[in-house]
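Following: one structure in structure tokens, then a few remarks.
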Amino acid sequence: IHLAGKAHDLKNVVDFNEYYESNTELTKKVYDAFLKSNARVFIFLSSVKAVADRIDVDLTEEYTPNPSTHYGKSKLLAEQYILGKQITTYKRVYILRASMIHGPGNKGNLTLLYNFVKSGTPWPLGLFDNKRSFLSIDNLCFIIFELIKNNKIPSGVYNVTDDVPLSTNKIIYLISSTLSKKPFILLIPKYIIKIIAKLGDIFKLPLNTERLLKLTDFYVISNTKIKSVIKKELPFSSKEGMIKTFRSFNN
């Protein structure tokens with residue numbers, strides 16, 4: 001199960017070559033070792049960003065990849081290397097294109113949102129109406145376990161995500177509920193928020209254009225293919241998984 005890699009650089013301080021060293025070249029070495037070994041199953045945790053950074057339709061496995069960031073490109077190159085190699089009949093290989101994964105210890109935008117709500121600061125992005133797919137760590141582990149134990153699941157590329165996408169405003173409500181707080185959402189005009197985000201790029205503020213995009217963009221992923229081969233429902237709903245993550249922050 002190959003999970004190692006270089007994730008997003010929100011502060012834009014990382015040499016882009018690090019993405020290819022970690023996400024592409026390391027994956028090649030690990031996969032080559034698998035091919036020479038007696039191991040039967042190889043699972044590579046890729047990302048939906050290997051396909052596209054922005055979408056306006058539900059993302060399926062048939063979508064033609066066209067990533068624009070070094071992160072996405074490095075993940076796609078790793079996928080292509082894996083898919084370009086022949087495997088013996090007794091080996092199985094799975095590429096999992098994951099949406100944003102969350103769980104205890106999460107250090108990304110969900111932590112930022114949680115601390116924002118916990119501080120009592122009003123949420124200023126109420127006018128942004130979006131939907132994004134997320135993946136709880138529990139559902140990811142469930143899927144990986146099913147892939148390992150069921151040798152009838154065919155090798156291939158699979159999107160992995162929770163069933164129902166959530167809006168950022170919905171997440172604010174879930175965090176508020178977890179904290180027993182009343183949600184406080186402001187309706188500030190979008191153009192003002194975008195100006196603040198551009199200033200954030202210049203002055204290294206918590207809100208910059210990339211983070212604003214992650215918090216407000218539409219990015220819905222289909223998990224129909226993986227569920228059709230597993231033939232089981234995911235153990236946690238989108239809401240249940242998110243609440244479990246937020247409660248872990250509180251603990």
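- For Ser119, the side chain to side chain contact (heavy atoms under 4.5 Å, CB included) partners at least two apart in sequence or on another chain are Thr121.
- Between Ser180 atom OG and Asn250 atom CG the span is 8.5 Å, to the nearest 0.5 Å.
- Counting heavy-atom neighbours within 6.0 Å of Lys91 NZ, excluding the residue itself, gives a total above 12.
- As a member of the Ile/Leu/Val/Met/Phe/Trp/Tyr network built from side-chain separations under 4.5 Å, Leu147 groups with Ile1, Leu3, Val41, Ile43, Leu45, Tyr94, Leu96, Ile101, Leu135, Ile137, Leu140, Phe142, Ile143, Ile144, Ile148, Ile153, Tyr158, Val160, Ile226, Val229, Ile230, Leu234.
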**OP:** I would like to know whether Thr178 and Met242 meet side-chain contact (heavy atoms from CB on, under 4.5 Å); could you show each step before the answer?
**Re:** CA-CA 10 Å; Thr178 303; Met242 197 66 74; over 6 Å; no
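- In this structure, Phe34 shares a hydrophobic cluster with Leu26, Val30, Tyr31, Leu35, Phe42, Phe44, Tyr81, Ile82, Leu83, Ile87, Val93, Ile95, Val157, the cluster being traced through Ile, Leu, Val, Met, Phe, Trp and Tyr side chains under 4.5 angstrom apart.
- Considering every non-hydrogen atom in both Ile55 and Val220, the closest pair reads CD1-O, 3.5 Å.
- Side-chain atoms of Thr161 come within 3.5 Å of backbone atoms of Phe134 as a donor-acceptor pair (strictly under, hydrogens ignored).
- Here Asn17 contributes atom CG and Lys6 contributes atom NZ; the two are 12.5 Å apart, rounded to the nearest 0.5 Å.
- Under a 4.5 Å side-chain heavy-atom criterion applied to ILVMFWY residues, the cluster that includes Phe145 comprises that residue alone.
- Screening Lys232, Lys227, Lys152, Lys231 against Glu146 for a salt bridge (charged side-chain N to carboxylate O under 4.0 Å, His left out) leaves a single residue, Lys232.
- The main-chain N or O of Leu59 is found under 3.5 Å from a side-chain atom of Asn159 such that the two form a donor-acceptor pair.
- Identified under the salt bridge (Lys or Arg N to Asp or Glu O under 4.0 Å) test for residues 236-251, with sequence neighbours left out: Asp138-Lys244.
- Pairing each heavy atom of Ile193 with each of Pro124, the nearest pair is CD1-O, 3.9 Å.
- Looking at residues two or more places apart in sequence or on another chain, you find a ring-ring contact (aromatic ring centres under 6.0 Å, His included) between Tyr20 and His70.
- Residues Ser238 and Asp162 approach most closely at OG-CB, 3.3 Å, considering heavy atoms.
- A cation-pi arrangement is not found for Lys118 relative to Phe246, the charged atom failing to lie both closer than 6.0 Å to the ring centre and inside a 45° cone about the ring normal.
- By the side chain to side chain contact (heavy atoms under 4.5 Å, CB included) test, Arg40 pairs with Tyr90, sequence neighbours left out.
- Under a 3.5 Å cut-off, the side chain of Asn23 and the backbone N or O of Lys75 do not form any donor-acceptor pair.
- Ser46 pairs with exactly one of Glu79, His2, Arg97 by the side chain to side chain donor-acceptor pair (under 3.5 Å) rule, that one being Glu79.
- A single hydrophobic cluster is seen to contain both Ile175 and Met100, as judged by linkage of ILVMFWY side chains at heavy-atom distances under 4.5 Å, directly or through other members.
- Side-chain contact check for Asp201 and Thr209: at least one donor-acceptor pair (N or O, by modelled atom type) lies under 3.5 Å.
- Separation of atoms OG (Ser222) and CG (Asp58) is listed at 7.0 Å; rounding is to 0.5 Å.
- Of the inter-residue distances, the one linking Arg211 atom CZ with Leu205 atom CG reads 11.0 Å to the nearest 0.5 angstrom.
- In this structure, the separation between CD1 on Ile243 and OG on Ser177 is 5.5 Å, given to the nearest 0.5 Å.
- Applying the side-chain hydrogen bond (donor to acceptor under 3.5 Å, both in side chains) test to every pair with at least one member in residues 127-136, sequence neighbours left out, gives these pairs: Asn130-Thr168, Ser136-Asn139.
- Applying the ring-ring contact (aromatic ring centres under 6.0 Å, His included) test to pairs two or more places apart or on separate chains, none has a residue in residues 161-214.
- Taking Ile, Leu, Val, Met, Phe, Trp and Tyr as hydrophobic and joining them when side-chain heavy atoms fall under 4.5 Å apart, one finds Leu112 isolated, its cluster having no other members.
- Contacts classified as ring-ring contact (aromatic ring centres under 6.0 Å, His included) and involving residues 100-129 (residues at least two apart or in different chains) are given here: Tyr114-Phe249, Phe116-Trp123.
- Looking at Thr24, its side chain never comes within 3.5 Å of a backbone N or O of Glu21 through a donor-acceptor pair.
- Taking the side chain to side chain contact (heavy atoms under 4.5 Å, CB included) definition, one finds that Gln86 meets it with nothing, sequence neighbours left out.
- Atoms OG1 and CD, from Thr224 and Glu61 in turn, are 8.0 Å apart once rounded to the nearest 0.5 Å.
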